[in-house]
Amino acid sequence: QVQLVESGGGLVQAGGSLRLSCAVSGRTFGSYAMGWIRQAPGKEREFGAAISRSGYSTYYADSVKGRFTISRDNAKNTVYLQMNSLKPEDTAVYYCAAGRKLVVSTTAYDYWGQGTQVTVSS
């Protein structure tokens, strides 16, 4: 069983930064591509970023490209999302997810965390 636990969310002013972390249990972390997907109140889930198993390949949504950076540390079983230049429209619950393939998707993942709230005030 793979478990994902996000942390690092909170309240930040527009223009600020946050770093989300997602700790993954188990010894198979390196077998999974990882993604960050977000859901704003009253909206559908939105793909944010994804990273390959090795960390060499990444995908970003246009809405976050240039502001967010996804990375992973396979020795620590952790994936990160560095978020800079935050905007009020980035306010959402952020979920990390693990899957077998690197994809731009909000559903093609096998395991999900419980989510962490990010609120950006104007």
Side-chain angles (χ1 to χ4, degrees):
Q1 185 73 11
V2 178
Q3 292 185 322
L4 291 72
V5 179
E6 301 98 334
S7 61
L11 174 64
V12 64
Q13 289 188 332
S17 297
L18 282 175
R19 188 195 197 200
L20 305 184
S21 299
C22 175
V24 182
S25 66
R27 294 178 289 179
T28 58
F29 177 68
S31 301
Y32 293 98
M34 300 296 299
W36 286 97
I37 292 90
R38 66 186 184 182
Q39 187 166 21
K43 295 189 177 181
E44 298 289 323
R45 284 191 174 182
E46 177 190 21
F47 170 80
I51 190 166
S52 63
R53 289 173 288 180
S54 65
Y56 287 130
S57 298
T58 56
Y59 290 154
Y60 294 95
D62 287 344
S63 58
V64 307
K65 197 173 296 181
R67 300 186 298 121
F68 291 10
T69 302
I70 188 171
S71 61
R72 67 188 296 161
D73 185 336
N74 285 356
K76 294 183 178 179
N77 283 18
T78 302
V79 62
Y80 305 97
L81 186 68
Q82 178 67 45
M83 306 186 295
N84 298 328
S85 302
L86 282 160
K87 304 175 182 180
E89 51 263 44
D90 294 318
T91 295
V93 176
Y94 283 71
Y95 299 91
C96 73
R100 291 295 183 181
K101 294 183 179 181
L102 177 63
V103 292
V104 176
S105 173
T106 59
T107 58
Y109 292 96
D110 300 313
Y111 303 99
W112 292 78
Q114 83 289 348
T116 186
Q117 176 71 46
V118 171
T119 303
V120 184
S121 64
S122 58

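This structure is a prediction, so every number in the text was calculated from the model and none was measured.
Counting all heavy atoms, side chain and backbone alike, L20 lies closest to W36 at CB-CH2, 3.7 Å. Scanning all heavy atoms of the two residues, the minimum distance from P88 to A14 falls at CD-CB, 4.1 Å. For the residue pair Q82 and N84, the shortest heavy atom distance occurs at NE2-OD1, 2.9 Å. What you find for A98 and M34 is that their closest heavy atoms are CB-SD, 3.6 Å. Looking at every heavy atom in both residues, F29 comes nearest to V79 through CZ-N, 4.1 Å.
One distance of note links OG of S7 with OH of Y80; it measures 9.0 Å at 0.5 Å rounding. Atom CZ of R19 sits about 6.0 Å away from atom OG of S71, to the nearest 0.5 Å. Residue N77 holds its CG atom at 12.5 Å from CD of Q3, rounded to the nearest 0.5 Å. Taking OG from S25 and CG from L4, the interatomic distance works out to 7.0 Å, rounded to the nearest 0.5 Å. Considering OH of Y56 and CG of L102, their distance stands at 15.0 Å, rounded to 0.5 Å. Between atom OG of residue S105 and atom CZ of residue R45 there is a gap of 11.0 Å, rounded to the nearest 0.5 Å.
Remark: side-chain polar atoms of T91 are paired, donor with acceptor, to backbone N or O of V120 under 3.5 angstrom. R67 places a side-chain N or O within 3.5 Å of a backbone atom of S85 that can act as its donor or acceptor partner.
Residues I70 and V24 are members of one and the same hydrophobic cluster, defined by side-chain heavy-atom contacts under 4.5 angstrom among Ile, Leu, Val, Met, Phe, Trp and Tyr. Both Y95 and Y109 are assigned to one and the same hydrophobic cluster, defined by single-linkage of ILVMFWY side chains at heavy-atom distances under 4.5 Å. Connection of I51 to V104 is not established within any shared hydrophobic cluster, with ILVMFWY side chains joined at heavy-atom distances below 4.5 Å, either directly or through further cluster members.
In this structure, F47 and V103 have side chains that are not in contact, with every pair of non-hydrogen atoms separated by 4.5 Å or more. Annotation: side chain of E6 is in contact with side chain of Q114 (closest heavy-atom distance under 4.5 Å).
Ion pairing between K65 and D62 holds under the 4.0 Å rule for side-chain N and carboxylate O.
Residue R38 forms a side chain to side chain contact (heavy atoms under 4.5 Å, CB included) with just one option from D90, V93, L81, T106, and that option is D90.
At a cut-off of 3.5 Å, with distance as the only test, a side-chain donor of S63 or E46 sits close to an acceptor on the other residue.
More than 12 heavy atoms of other shown residues, nucleotides or ligands fall within 6.0 angstrom of atom CD in E89. The neighbour count for R53 CZ, taken as heavy atoms of other residues, nucleotides or ligands under 6.0 Å away, does not exceed 12. Other residues, nucleotides and ligands contribute at most 12 non-hydrogen atoms within 6.0 Å of the OH atom of Y59.
Using bins of under 30°, 30° to 60° and over 60° for the plane-to-plane angle, the ring pair F68/Y94 lands in the tilted bin.
A cation-pi arrangement is found for R100 relative to Y32, the charged atom lying closer than 6.0 Å to the ring centre and inside a 45° cone about the ring normal.
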